[in-house]
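Working notes, structure below.
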Amino acid sequence: MEQERLQKYMARSGVASRRHSEELIKEGKVKVNGVVITEMGYKVSKNDVVEVNGMEITIEEKKYYVMNKPRYLICSANDEKDRETVISVLPKELAQYRLFPVGRLDYDTKGVLLLTNDGDFMNTLVGPKSLTEKEYLVRVEGIVTKEEIKKLSEGVIIDGGYKTRKCRTYIESIDNKNKSSLIGIVLQEGKKHQVKNMVEAIGHKAKRLTRIRFGCISIEGIKEGEIRELSIHEIKTLLVDAVTEKDYSYKKVRRI
């Protein structure tokens with residue numbers, strides 16, 4: 001009978017990423033056939049009864065979606081203040097899949113957001129070793145110069161000392177009348193409030209922020225608030241791109 005490591009089984013069940021599953025095991029929150037397991041190499045089969053925090057888990061059908069997230073939605077499966085979340089606004093028929101967001105978008109940020117119940121998929125795309133590109137358009141106060149854009153691309157200091165990785169940046173448009181600029185930033189990392197902090201580091205304040213691309217997935221053809229299921233090809237491309245080094249030496253950026 002085929003067996004697999006407990007943490008992998010948990011991740012495939014959608015209960016958590018593999019890394020988080022390991023933490024749950026270490027904390028003694030996982031039982032197999034009624035026995036608490038804390039051993040990382042422990043293996044289980046489909047006939048074993050696995051419980052996490054007293055709840056039995058089973059392998060679920062894996063689902064993968066993209067949402068064009070509207071502004072002012074909490075990017076979480078639930079909210080302690082009972083505010084609307086990206087999960088609470090989904091069609092009721094999707095509740096059975098126990099979806100969760102892949103990474104985070106700020107409350108006031110809109111754009112591409114992936115949803116899944118596959119913990120390994122999520123960890124590959126947003127884990128510390130991920131090379132997945134995320135492209136943002138940010139409207140900022142003031143007129144951004146080419147020198148400032150170059151500074152952004154070379155990396156700036158944020159969060160009291162962290163230097164951002166090299167990235168691709170471009171000026172999409174300038175609004176001289178209202179003294180604002182629309183700039184694009186393509187990142188391979190995702191620190192909290194990173195884009196907002198980056199533009200502040202060059203002396204500008206972010207007014208509106210939109211993620212227009214996550215890996216190979218763009219918001220093209222998806223109305224704000226709508227979702228669609230990812231194709232097998234898109235899923236495979238996302239996974240390949242997440243572990244493939246990108247060349248940041250070129251300047252031309254494809255507009256989406």
Side-chain angles (χ1 to χ4, degrees), residues 1-67 74-83 85-88 90-105 113-132 134 188-192 214-215 227 229-230 232 234-244:
M1 186 177 298
E2 186 176 353
Q3 293 184 315
E4 62 182 335
R5 290 179 180 270
L6 178 56
Q7 58 266 42
K8 183 177 180 181
Y9 181 92
M10 291 169 62
R12 291 206 301 121
S13 76
V15 69
S17 67
R18 195 176 304 190
R19 179 176 299 173
H20 187 207
S21 295
E22 290 176 351
E23 293 174 1
L24 292 171
I25 294 169
K26 289 178 182 178
E27 293 168 1
K29 297 180 178 179
V30 182
K31 290 182 179 181
V32 178
N33 301 324
V35 179
V36 174
I37 301 298
T38 57
E39 177 188 343
M40 285 301 111
Y42 195 87
K43 293 186 176 182
V44 296
S45 70
K46 63 180 181 179
N47 291 335
D48 290 314
V49 177
V50 179
E51 296 175 84
V52 178
N53 290 322
M55 298 286 291
E56 185 177 342
I57 63 173
T58 57
I59 298 298
E60 298 177 324
E61 178 185 1
K62 297 308 178 189
K63 290 291 184 178
Y64 310 87
Y65 294 89
V66 56
M67 168 190 281
I74 300 296
C75 196
S76 176
N78 49 63
D79 180 62
E80 58 185 15
K81 297 180 180 179
D82 290 327
R83 292 172 293 183
T85 72
V86 294
I87 301 302
S88 69
L90 293 175
K92 292 182 179 180
E93 60 267 24
L94 298 184
Q96 62 179 307
Y97 298 118
R98 297 194 296 175
L99 299 171
F100 48 80
V102 176
R104 293 287 184 268
L105 281 181
L113 178 69
L114 302 186
L115 304 168
T116 188
N117 56 4
D118 186 340
D120 283 345
F121 176 79
M122 179 187 73
N123 197 50
T124 300
L125 267 53
V126 298
K129 296 182 180 180
S130 173
L131 298 173
T132 301
K134 281 84 70 176
Q188 283 182 298
E189 56 186 337
K191 299 290 183 180
K192 187 176 182 180
F214 187 106
I227 67 167
E229 195 163 5
L230 298 181
I232 295 298
E234 288 173 327
I235 295 166
K236 290 182 177 179
T237 301
L238 283 165
L239 292 172
V240 170
D241 287 349
V243 296
T244 304

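Below, all heavy atoms of this structure are taken into account, side chains as well, without hydrogens, waters or symmetry copies.
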- Taking R5 for its side chain and K43 for its backbone only, find out whether a donor-acceptor pair lies under 3.5 Å. no

- Message: Please give me the minimum heavy-atom distance between G28 and T38, naming the atom from each residue.
- Response: CA-CG2, 4.1 Å

- Note on the structure: Heavy-atom nearest pair, K26 first then M40, reads CG-CE, 3.6 Å

- Residue pair F121 / L239, side-chain heavy-atom distance below 4.5 Å: yes

- Message: Could you check whether any side-chain N or O of S88 sits under 3.5 Å from a backbone N or O of T85, counting only pairs where one atom can act as donor and the other as acceptor?
- Response: yes

- Message: Contact between Q7 and R19 at the side-chain level, heavy atoms closer than 4.5 Å - yes or no?
- Response: no

- Query: So V102 and L113, side chain to side chain contact (heavy atoms under 4.5 Å, CB included) or not? Walk me through it.
  - Reply: CA-CA 7 Å; V102 176; L113 178 69; 5.8 Å; no

- Message: Could you report the tightest heavy-atom contact between T124 and A242, atom names first, then the distance?
- Response: O-CB, 3.6 Å

- Task: Would you check if D48 and Y9 make a side-chain contact, meaning some heavy-atom pair closer than 4.5 Å?
- Result: no

- Task: Answer yes or no: is there a side-chain heavy-atom contact under 4.5 Å between L90 and I227?
- Result: yes

- Message: Could you check whether any side-chain N or O of N117 sits under 3.5 Å from a backbone N or O of K63, counting only pairs where one atom can act as donor and the other as acceptor?
- Response: yes

- Atom pair CE/OG of M10 and S13 - distance to nearest 0.5 Å: 6.5 Å

- Query: Side chains of L94 and Y65: does their closest heavy-atom pair fall under 4.5 Å?
  - Reply: yes

- Message: Looking at K134, is its backbone amide N or carbonyl O close enough to the side chain of Q188 to form a donor-acceptor pair, meaning the two atoms are under 3.5 Å apart?
- Response: no

- Partner of I57 under side chain to side chain contact (heavy atoms under 4.5 Å, CB included), picked from V52, V30, V49, is V52

- Query: So, do I59 and K46 sit near enough that their side-chain heavy atoms are less than 4.5 Å apart?
  - Reply: no

- Side chain to side chain, L6 and I37, heavy atoms closer than 4.5 Å: yes

- Is the count of non-hydrogen atoms from other residues, nucleotides or ligands lying under 6.0 Å from E27 atom CD greater than 12? yes

- Query: Where do I87 and L99 come nearest, in terms of heavy atoms and distance?
  - Reply: CD1-O, 3.4 Å

- Task: Keeping the roles fixed (side chain from D118, backbone from D120), state whether a donor-acceptor pair exists under 3.5 Å.
- Result: yes

- Looking only at heavy atoms, the pair that brings Y64 and E229 closest together is O-CG, 3.3 Å

- Would you find a donor on one side and an acceptor on the other, under 3.5 Å apart, between the side chain of Q3 and the backbone of S45? no

- Task: Provide the closest heavy-atom pair for P101 versus A77 in the form atom of the first, atom of the second, distance.
- Result: CD-N, 4.3 Å

- Message: Please check this pair: side chain of S17 against backbone of G119, looking for a donor-acceptor N/O pair closer than 3.5 Å.
- Response: no

- Item | Student check: side-chain heavy atoms of L238 and L230 closer than 4.5 Å | yes

- Give a yes or no answer on whether the side chain of N123 reaches the backbone of G127 with a donor-acceptor pair at less than 3.5 Å. no

- May I have the step-by-step check of side chain to side chain contact (heavy atoms under 4.5 Å, CB included) for S76 and V86, ending in yes or no? CA-CA 6 Å; S76 176; V86 294; over 6 Å; no

